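Please read the structure below before turning to the comments.
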2 protein chains.
Amino acid sequence: MTETRDKLIQGTIATLRDKGIAGTSARVIAAAAGVNQALVFYHFGSVDELIDAACREGAAERVAVYREQFEKVASLRELLALGRSLNETERAAGNVAVLAQVLAGAQQDHNLAAAAQHALALWIEEIETALVRLLAGNPVAEVVDAAGLARGIAASFIGIELYEGVDPDGADRALAALETLGVLVEVVEDLGPVARRALRARLRRTQRSSKQ
Amino acid sequence: MTETRDKLIQGTIATLRDKGIAGTSARVIAAAAGVNQALVFYHFGSVDELIDAACREGAAERVAVYREQFEKVASLRELLALGRSLNETERAAGNVAVLAQVLAGAQQDHNLAAAAQHALALWIEEIETALVRLLAGNPVAEVVDAAGLARGIAASFIGIELYEGVDPDGADRALAALETLGVLVEVVEDLGPVARRALRARLRRTQRSSKQ
DNA sequence: GTCTATAGAGGGATAGAC
DNA sequence: GTCTATCCCTCTATAGAC
């Protein structure tokens, strides 16, 4: 039955969020889902495969909710604002925590690694598409790798989510500071050709010194 | 005996690195350390307390190695370069992975949370001290919270470390892109008063739009 | 300080009744 | 598809010999 399958997926998300990857087991998931423990293996074969499915389906569902908003974003400032409100909502729902826990478990498990990469790729694609669109014409676009930046932003959100668990106030300040840094990209745009020249000169120096 | 204690600490670091927080148990740690399993409880009381000790001592030891280099750094560019080489070395030694795994476990465990916060605080303090020194006189310093930025940098390194486990190539590109972004701070410095004015104008706009 | 042995809980997974 | 019952494993932690 598809209803049981769905209960197990939701139970897995709740368990990963509340008990972490170390506390996620077939028995605990089944209890959270309100179904019999043996059904985990009947429907998914193993706990790992259930986590895999929950991770993929959970991310796909949430990304779909935000796709429209990503498409509407008209400036880097708006993208940062969307990132912040998205992070707050998803954090409250526990979806960032799930990603972080699966990512932690993925370091030692190939199946979880594939699931985590797939789920993150959905978010990264949205960020990257928006970045490419918004950085068009900005001097920064000529020197920065949009795909790398999108991955860096996604990974940083995960890191800050984990840090929030041990220092909520510090995590808020971290988000605010990185947001301020993002505004620098717009400042460079405001300054046009002047900034473009300075940026190129700086980057030449940086690349030279890091190549040796 | 202090030798057994030390073996257990090293065994814990190796286990967290190789098997993750979900695969770290008294038995596995003892096997890695080459000592009897019961000694975990004799010396540390519980597995959690051993992880706590390993996390704190491991971080203190590694931060001490880098303190001198942090103090020598003379520009933001050099700080970024140090961050990159530090991340490569520590990643290879597994120390970033240990922090990431403890941080993942810390979301559900108050003792681990305290240990993770303490260990991270050591790194954050070094970064923050260097940032305050290097940003002196930079227009960015007037608008950015150095403490928040230091926390954001540390958390981002953790996030990218976890991402590296599922997409090594993407993680490299992420680091490179964030490094390029850091260079923007120097560009703003190069541009002096012009950039200062543009930055202030931008930030006023950003703060207005995010307050509502 | 170090060992063996073990209690008692919880884990993954399966067999077989319904 | 769902259930109970169960196997066998690993886990934390302790008792007690050495």
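Remember, it's a predicted structure, so these values are computed and weren't measured experimentally. Lettering of chains follows the sequences in order, A, B, ..., and the numbering in each one begins at 1. All heavy atoms count here, side chains included; hydrogens, waters and symmetry mates do not.
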Is the shortest side-chain heavy-atom distance between A:N95 and A:L99 below 4.5 Å? no
Short question: side chain of A:R62, backbone of A:V96 - any donor-acceptor pair under 3.5 Å? no
Beyond-backbone contact of A:V144 with A:L131, side-chain heavy atoms, under 4.5 angstrom: no
Do B:R17 side-chain atoms and B:A93 backbone N/O form a donor-acceptor pair below 3.5 Å? yes
Return yes if some donor-acceptor pair links the side-chain N/O of B:E179 with the main-chain N/O of B:A81 below 3.5 Å, else return no. no
Among B:D52, B:I9, B:T12, B:I29, side-chain contact (heavy atoms from CB on, under 4.5 Å) partner for B:F44: B:I9
Output yes when a side-chain donor or acceptor of A:D145 lies under 3.5 Å from a complementary backbone atom of B:A176, and no otherwise. no
With a 4.0 Å cut-off on N to O distance, would you call A:R67 and A:E71 a salt bridge? no
So, with a heavy-atom separation below 4.0 Å from DNA chain C, the residues of residues 99-109 of chain A are none
Where along residues 4-21 of chain B does a heavy atom come under 4.0 Å from DNA chain D, residue by residue in number order? none
With the side chain counted from C-beta on, respond yes when A:L112 and A:I21 share a heavy-atom pair under 4.5 Å apart, and no when they do not. yes
Taking atom P of C:dA13 as reference, at what distance in whole Å does atom CG of A:L50 sit? 11 Å
Going by heavy atoms closer than 4.0 Å, what residues in residues 24-46 of chain A are next to DNA chain C? A:S25, A:A26, A:R27, A:V28, A:Q37, A:A38, A:F41, A:S46
For A:Q117, I'd like to know if atom CD has over 12 heavy atoms of other residues, nucleotides or ligands within 6.0 Å. yes
